[in-house]
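Order of the sequence lines sets the chain letters (A, B, ...), proteins ahead of strands, with each chain counted from 1. Fair warning: this is a prediction, and the values are worked out from it, not measured in the lab.
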Amino acid sequence: MSITKTYDPKIAEEKWYAHWLEKGYFNSVPDDREPFTVVIPPPNVTGVLHMGHMLNNTIQDVLIRRARMQGKNACWVPGTDHASIATEAKVVQKLKSEGLNKTDLTRDEFLSHAFEWKDKHGGIILEQLKKLGASCDWDRTQFTMDEDYSESVFDVFVDLFNKGKIYRGVRMVNWDPDALTAVSDEEVLHKEVNSKLFYVRYKVEDTQDEWITVATTRPETIFGDTAICVNPKDDRYKNLHGKRIHVPLTDRTIPVVTDEYVDVEFGTGCLKITPAHDINDYEIGVKHNLDNINVFNDNGTLNAYGLHYEGVDRFEVRKGIEKELNEKGYLIKVEDHQNKVGYSERTNAVIEPKLSLQWFVNMKELAEPALENVMNGKIQFHPSKFKNTYRHWMENIKDWCISRQLWWGHRIPAFYYGKGTNDFVVAKSIDEAVKFASEKLGKSVQTEDLRQDEDVLDTWFSSWLWPISVFDGLTKPNNNEIKYYYPTNDLVTAPEIMFFWVARMIMAGYEYLDELPFKNVYFTGIVRDKLGRKMSKSLGNSPDPIDLIHKFGADGVRVGVLISSPAGNDLPFDTSQCEQGRNFSNKIWNAFRLISSWEVKDIEQPSSSAIAIEWFTNKFQKTLAELNELYDNYKISEALMVSYKLVWDDFCSWYLEIIKPGYQHPIDRKTLEQSITIFNDILKVLHPFMPFVTEEIWHQLSDQNEDLVVSCWPQVSGFDAHLLTSFSGAADIVSSIRNIRKQQNIGGKVKLELYYSGKYSGSREFTSMIRKMANLSVFEATVEKIGNSNGFIVDGIQFYVPFGDAVDVKAERTKLEQELDYSKGFLVSVQKKLGNERFVNSAPATVVENEKKKQADTLLKISLIEEKLSNLN
RNA sequence: GGGCUAUUAACUCAGUUGGUUUAGAGUGUCACCUUGACAGGGUGGAAGUCACUGGUUCGAAUCCAGUAUAGCCCA
């Protein structure tokens, strides 16, 4: 049976994923083993896989697969998030394309459309994750709006309300006029934009012709002005204190107030105050007891206060009012101006600050343990630089607005029985609400007397419970699963959602289980394109991950995304990295193909093979120890690179070349068997990165009782450092001879002679290997100096390769002179150090010793080169 | 405006508590080789004032200060 020349991922991937599922390897139930738990950052239920997911989930899978092989009870819980605002926006859009407006539907009608959409598109992303090889326990798949899950959300709401940590209040919120909802501070993106600064004059009351000029970027809000504010220290305006001012285009007058807040330098030093439409104005308004005039409708058009602009969008009004102010002589001038404007992350609408009645969580107490336990290292951040950002946010935390004016999500479990601010009860169900309301009112209340709050909860108010609720930790406290799997081990996520999600999960963990939710947080970077732009659907610069998998194989893509993405660093992604990954798959495949192609015979094992096996076994042990350490420090990218080099350089370029029998010659049984053992160990350490190709080779290479996915991670047993050093000395000799062949244009098939002077012992055990790899006919000591030869020095031993017919003395001389220059320069730097008395006196003895040894070695080397040069003619 | 982080080869990154080399790797690039495991492989080479300026030290890519540039977070 011939093996294909290249690895074909398609067949292996389908076959093995199905097999793993069938065997239930990814399923976990609590047992005696140590648990290793990861909860997936639940993607949007209607989302599709993008490169960010690829990176994130590949890392999780690598961690989970390794833990599984280490004999831990690995449990990776998948699921999806209802993502209220994003999903609702999609559904609204879809309905619009069918000619349906959300406003024409009842809540129930809308929700049935939404669920229909969810059932159709929901979970696509989970299917895509399977293509990537994700070894999640699919039986545990959860959705944040599942019944049990929702119950825990309501439980928490009720509990926090009863503890006084949830309250209802009028606050300035970020209003998204497109989505018609409040959004949290974190969902607002501030962008620098070019705008205009309008200088508008206001007439002072009871004067003939006295005016003051106000600079504003938002002239459409003058209908909401309720004061003019100046700095009390500003001499220019002292005469205005206590006066009243006419608001242009209206018949209203407003007071002049003074406040230090006003920047004397900015604009005219005269500020119009519109408390309903600016957070700073609002605060001044509260301080000076000013009215709030809201001039906007929820959709961003002006209301009746806007007079003849009623019903017109605010940006249209801005244009119109500029014209009108100008015509009526109020507009003094217009300047170009740069300022920052908030945009909705979801709809990209310009956010309007708006006063409204919303639900809030008081964060102060919740934040305390969450901050403390990250700072003291109980919860580790990788990389740790994110601790600073985290601390900064947690120390300045603000209350969390959790109500959203949407329908898709967990409806706020507050039930109103009257119009008063406090005429409501909070309860898990309508039945409970009836009971509580009856108690509160002291009379019987019926279901139909109660009206549930129209709003839903912020999505993060459900996902902050994710690590607890996927194990029913709130609805069934102290159940076996929560006790066994919680706290989870590693969380892999993007730094962008550190506050939305990570911080809040930590808070929920301490509030509800008095325990951290996870021990380690691995922050991935942002996946960017070649131009450094974030990969996003809207830019259209993101390749479809599934296409990539078709082209390069899942293993190739996994390697591609991991190869250059250290924790916390952005990943500048290019498909050439997947190509590298695919080539790596092929390299491994061909190593397998080579070994399989050999005919076995019961012949004697060559000593070069015996030593190669000994060397590689030690090399593998050394690398394994390195790998384990890199994993422990979450240096996944580096671990991959170390594995890559182990396979490509050590295994393929050295080991296999050493043991490879001559063309059409058989191999001895012992070497073949030991090589298979070695290869199997390599497959094990590669498996977390490249699950499919390794499983495929594992089964084809030798008979196996078990599958690689559940095999044991190799044991660390130590290594012989001396042997490894000797090998690299031997490898240096081989390289040097290859170099000579290259310089002298001597083909690889021409046998060469190699002589050495002095005591050569360093790499003695590798003599046979050197003879084979360098293709030598002679390798022995000599007492005479050999003049006409190429030479090199390894470990202080002079080696000679006598010239054949083709002699290039000149080239040899040049080479030696270069080497001499370098060595002399090096000697100078070493001697400079040693000549410095203060160095010799203050540096540690070992360091000084080392410098002395360097000096001696270099002196020897220089004398050897000089001697060589003088012998050359 | 405030805070954080970074700046090492063409690109992407290592460089552990300052001291195994006049700084390493992968990719790319260049030269040569290759009917023979490898949509390629092998061998070898070139390529860096470690952003800049000072300081601490016997010794700085590494520690400190300042400057410049970039990114992120917050307002």
Side-chain angles (χ1 to χ4, degrees), chain A residues 3-7 185-186 188 190 263 279-280 340 342 383-393 395-398 495-496 498-499 525-526 528 530 532 552 563-566 568-574 576-577 579-580 582-598 629-630 633 635 637-638 640-642 644-645 648-649 652-653 656-657 660 662-664 734-743 745-749 821-830 832-844 846-851 853-854 857-858:
Chain A
I3 299 165
T4 54
K5 203 170 166 188
T6 54
Y7 165 64
D185 291 343
E186 290 78 14
V188 179
H190 295 272
D263 181 355
I279 182 68
N280 299 308
K340 287 211 173 164
S384 59
K385 67 179 179 184
F386 286 113
K387 276 167 86 172
N388 283 327
T389 319
Y390 181 82
R391 186 183 60 211
H392 195 251
W393 191 75
E395 283 175 350
N396 297 292
I397 196 156
K398 286 185 279 178
E496 305 159 11
M498 185 189 323
F499 307 126
I526 295 166
R528 297 182 179 279
K530 269 194 257 184
F552 302 108
I563 198 88
S564 66
S565 61
N569 272 29
D570 286 356
L571 165 64
F573 182 79
D574 188 80
S576 67
Q577 288 158 225
E579 219 169 295
Q580 193 185 348
R582 179 205 56 198
N583 289 349
F584 188 38
S585 305
N586 266 334
K587 186 73 182 176
I588 304 164
W589 183 255
N590 276 286
F592 152 66
R593 197 156 80 100
L594 176 67
I595 291 180
S596 307
S597 71
W598 293 328
E629 203 189 317
L630 289 169
N633 292 307
K635 301 198 168 184
S637 232
E638 271 187 73
L640 172 59
M641 186 49 76
V642 165
Y644 181 92
K645 283 194 261 194
W648 207 300
D649 300 341
C652 293
S653 296
L656 289 180
E657 292 298 332
K660 191 180 187 174
Y663 186 50
Q664 292 191 328
V734 173
S735 292
S736 302
I737 294 166
R738 282 173 178 166
N739 211 348
I740 287 167
R741 284 183 189 274
K742 171 114 181 95
Q743 281 168 354
N745 246 324
I746 304 167
K749 285 173 187 159
D821 271 358
Y822 178 90
S823 298
K824 279 182 171 169
F826 182 59
L827 183 67
V828 168
S829 82
V830 174
K832 222 162 144 187
K833 260 194 211 178
L834 286 170
N836 183 340
E837 247 177 72
R838 290 195 292 178
F839 168 74
V840 180
N841 293 336
S842 21
T846 48
V847 176
V848 179
E849 251 343 277
N850 212 304
E851 290 301 316
K853 186 171 180 298
K854 280 200 263 181
D857 288 351
T858 312

message = Using modelled atom types and a 3.5 Å cut-off, is there a donor and acceptor pairing between side-chain atoms of A:N590 and backbone atoms of A:T6?
response = no
ask   = Does A:T4 offer a backbone N or O that forms a donor-acceptor pair with the side chain of A:W589 under 3.5 Å?
value = yes
Any side-chain N or O of [X] under 4.0 Å from OP1/OP2 of [N]?
X: A:T6; N: B:G40; answer: no
X: A:K635; N: B:G15; answer: yes
X: A:Y644; N: B:U27; answer: yes

May I ask you to say what [X] touches in the nucleic acid, namely base, sugar-phosphate or nothing, with a heavy-atom cut-off under 4.0 Å?
X: A:N739; value: sugar-phosphate
X: A:N583; value: sugar-phosphate
X: A:S735; value: sugar-phosphate
X: A:R582; value: sugar-phosphate

Any non-hydrogen side-chain atom of [X] less than 4.5 Å from a side-chain atom of [Y]?
X: A:K660; Y: A:W598; value: yes
X: A:K635; Y: A:E629; value: no
X: A:M498; Y: A:W393; value: no
X: A:T389; Y: A:F499; value: yes

query = Taking the side chain of A:M641 as heavy atoms from C-beta outward, which of B:A25, B:A75, B:C73 is closest to it?
reply = B:A25
What is the distance from [atom1] of [X] to [atom2] of [N], rounded to the nearest Å?
X: A:R741; N: B:G42; atom1: CZ; atom2: P; value: 18 Å
X: A:F386; N: B:C73; atom1: CZ; atom2: P; value: 10 Å
X: A:W648; N: B:G42; atom1: CH2; atom2: C1'; value: 11 Å
X: A:Q577; N: B:A25; atom1: CD; atom2: P; value: 20 Å
X: A:D649; N: B:U43; atom1: CG; atom2: C1'; value: 13 Å
X: A:Q580; N: B:G26; atom1: CD; atom2: P; value: 10 Å
X: A:E638; N: B:U27; atom1: CD; atom2: P; value: 16 Å
X: A:I3; N: B:C38; atom1: CD1; atom2: C1'; value: 13 Å

ask   = Which pair of non-hydrogen atoms, one from A:S596 and one from A:I3, has the smallest distance, and what is that distance?
value = CB-CD1, 3.5 Å
Roughly how many Å apart are [M] and [N], using the [atom1] atom of each and rounding to a whole number?
N: B:G45; M: B:A70; atom1: C1'; value: 34 Å
N: B:A51; M: B:A61; atom1: P; value: 10 Å
N: B:G18; M: B:C32; atom1: C1'; value: 43 Å
N: B:G28; M: B:A47; atom1: C1'; value: 12 Å
N: B:U17; M: B:C38; atom1: P; value: 45 Å
N: B:C13; M: B:A65; atom1: C1'; value: 28 Å
N: B:G59; M: B:U22; atom1: C1'; value: 15 Å
N: B:A37; M: B:G42; atom1: P; value: 12 Å

message = Closest-nucleotide mapping onto RNA chain B: is A:N586 or A:I563 further toward the 5' terminus? I mean the 5' end.
response = A:I563
Restricting to nitrogen or oxygen on both sides, can you table the protein-nucleotides 3-5 of chain B pairs closer than 3.5 Å?
{"residue": "B:C4", "atom": "O3'", "partner": "A:N388", "partner atom": "ND2", "Å": "3.0"}
{"residue": "B:U5", "atom": "OP1", "partner": "A:N388", "partner atom": "ND2", "Å": "2.9"}

If you round to the nearest 0.5 Å, how far is [atom2] of [Y] from [atom1] of [X]?
X: A:R741; Y: A:R738; atom1: CZ; atom2: CZ; result: 9.5 Å
X: A:K587; Y: A:S653; atom1: NZ; atom2: OG; result: 5.5 Å
X: A:L630; Y: A:E638; atom1: CG; atom2: CD; result: 5.5 Å
X: A:S585; Y: A:Q580; atom1: OG; atom2: CD; result: 11.0 Å
X: A:Q577; Y: A:F552; atom1: CD; atom2: CZ; result: 10.5 Å

Might you list the N or O atoms of the protein lying below 3.5 Å from N or O atoms in nucleotides 33-37 of chain B, with each pair's distance?
{"residue": "B:A37", "atom": "O3'", "partner": "A:R593", "partner atom": "NH2", "Å": "2.9"}
{"residue": "B:A37", "atom": "O2'", "partner": "A:N590", "partner atom": "OD1", "Å": "2.4"}
{"residue": "B:A37", "atom": "O2'", "partner": "A:R593", "partner atom": "NE", "Å": "3.0"}
{"residue": "B:A37", "atom": "O2'", "partner": "A:R593", "partner atom": "NH2", "Å": "2.8"}
{"residue": "B:A37", "atom": "N6", "partner": "A:E657", "partner atom": "OE2", "Å": "3.1"}
{"residue": "B:A37", "atom": "N3", "partner": "A:N590", "partner atom": "O", "Å": "2.8"}
{"residue": "B:A37", "atom": "N3", "partner": "A:A591", "partner atom": "N", "Å": "3.4"}

note = Here RNA chain B, pairs taken as Watson-Crick or G-U under 3.5 Å and shown with ( ), [ ] when crossing and | when to another strand, reads (((((((..((((.....[....)))).((((((.....)))))).....(((((..]....)))))))))))).
